[in-house]
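Along the sequence shown, residues carry numbers from 1. All values reported here derive from a predicted model rather than from experimental measurement. First listed ligand is number 1; within each ligand, the first listed atom is number 1.
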Amino acid sequence: MAIERTLSIIKPDAVAKNVIGKIYTRFEEAGLKIVAAQMKQLTREEAEGFYAAHKERGFFKDLVDFMVSGPVMIQALEGENAVLKNRELMGATDPKKAEKGTIRADFADSIDANAVHGSDAVEAAAVEIAYFFGK
Ligand code: UDP
């Protein structure tokens, strides 16, 4: 199986709920290693750049407002099938639809404040990791 890297962000809602450690435990117990990490207050410019693919969507401004509403915890995760594994740990975008036992089912309140981000493909992961951690 392929060793991959993926970008994960613990969003402001989950940081405010004080569950960084609980979420890290899920990564570690699933065999994902935290190989880089930084806590950061995103600027609007950084949040807009990160979510540039969603610029035309109706929820874009609310998403940026939310992402700058407090500090986020950003990490690169490494392991076998890291991209898909992290998406499975996260659960569906809308926590109401997320499977029981997933991070979003357990810690997220709504489709906007949904606790975590995770890259959706290996190529996207490389771009997103470089966005925050450089090469
Ligand atoms: N989002 C939102 N409203 C929506 C859809 C998405 O606020 O109707 C936000 C939500 O925070 C989501 C992010 O936009 O996590 C990116 O959306 P995407 O479809 O890429 O979902 P994800 O990959 O995060 O599951």
Side-chain angles (χ1 to χ4, degrees):
M1 264 197 232
I3 299 293
E4 296 172 351
R5 284 183 173 178
T6 192
L7 186 87
S8 158
I9 303 177
I10 301 177
K11 295 183 179 183
D13 58 323
V15 172
K17 278 187 188 169
N18 209 19
V19 291
I20 294 171
K22 287 187 176 154
I23 294 173
Y24 269 24
T25 297
R26 292 182 183 212
F27 296 150
E28 292 175 345
E29 288 184 343
L32 295 175
K33 251 189 199 159
I34 297 151
V35 293
Q38 59 174 310
M39 182 175 259
K40 196 164 186 199
Q41 169 65 55
L42 296 181
T43 64
R44 289 198 77 80
E45 198 178 36
E46 281 170 328
E48 285 169 1
F50 183 74
Y51 279 119
H54 293 304
K55 210 160 64 187
E56 305 306 327
R57 312 279 292 272
F59 58 78
F60 183 70
K61 187 183 173 293
D62 287 345
L63 174 59
V64 171
D65 286 345
F66 167 63
M67 289 301 288
V68 303
S69 66
V72 295
M73 191 74 203
I74 307 167
Q75 42 284 324
L77 306 176
E78 184 181 271
E80 277 181 8
N81 285 330
V83 172
L84 185 63
K85 201 177 269 182
N86 182 43
R87 296 291 305 191
E88 287 172 356
L89 292 174
M90 289 164 59
T93 308
D94 182 351
K96 286 195 227 84
K97 297 183 183 152
E99 250 178 76
K100 235 179 139 198
T102 60
I103 294 169
R104 282 168 166 168
D106 292 348
F107 302 121
D109 295 323
S110 66
I111 191 164
D112 341 67
N114 63 0
V116 278
H117 165 83
S119 312
D120 62 5
V122 173
E123 304 72 37
V127 173
E128 292 179 359
I129 290 169
Y131 190 81
F132 288 116
F133 295 105
K135 288 192 175 167

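- Among protein heavy atoms, the minimum distance from atom 7 (O) of ligand 1 is reached at D112 CA, 3.6 Å.
- The CE atom of M39 lies 9.5 Å from the CD atom of Q75; values are rounded to the nearest 0.5 Å.
- Within the set F59, Y51, F66, the minimum heavy-atom distance to atom 4 (C) of ligand 1 is found for F59.
- Residue-ligand proximity, R104 to ligand 1, at heavy-atom distances under 4.0 Å covers atoms 15 (O), 22 (P), 24 (O), 25 (O).
- Listed by number with element, the atoms of ligand 1 under 4.0 angstrom from any heavy atom of R87 are 22 (P), 23 (O), 25 (O).
- If you check which protein heavy atom lies closest to atom 25 (O) of ligand 1, you get T93 OG1, 2.6 Å.
- Ranking the protein heavy atoms by distance from atom 20 (O) of ligand 1 puts H54 NE2, 3.2 Å first.
- Counting only residues at least two apart or on different chains, the salt bridge (Lys or Arg N to Asp or Glu O under 4.0 Å) pairs with a member in residues 64-79 are R5-E78, R44-D65, K61-D65.
- Of the protein's non-hydrogen atoms, N114 ND2, 3.6 Å is the one closest to atom 12 (C) of ligand 1.
- The nearest heavy-atom contact from the protein to atom 10 (C) of ligand 1 is I111 O, 3.2 Å.
- Residue pairs meeting the salt bridge (Lys or Arg N to Asp or Glu O under 4.0 Å) criterion with at least one member in residues 111-129: none, sequence neighbours excluded.
- Not a single heavy atom of R57 sits closer than 4.0 Å to an atom of ligand 1.
- In this structure, F50 and F132 have tilted ring planes: the angle between them lies in the 30° to 60° band.
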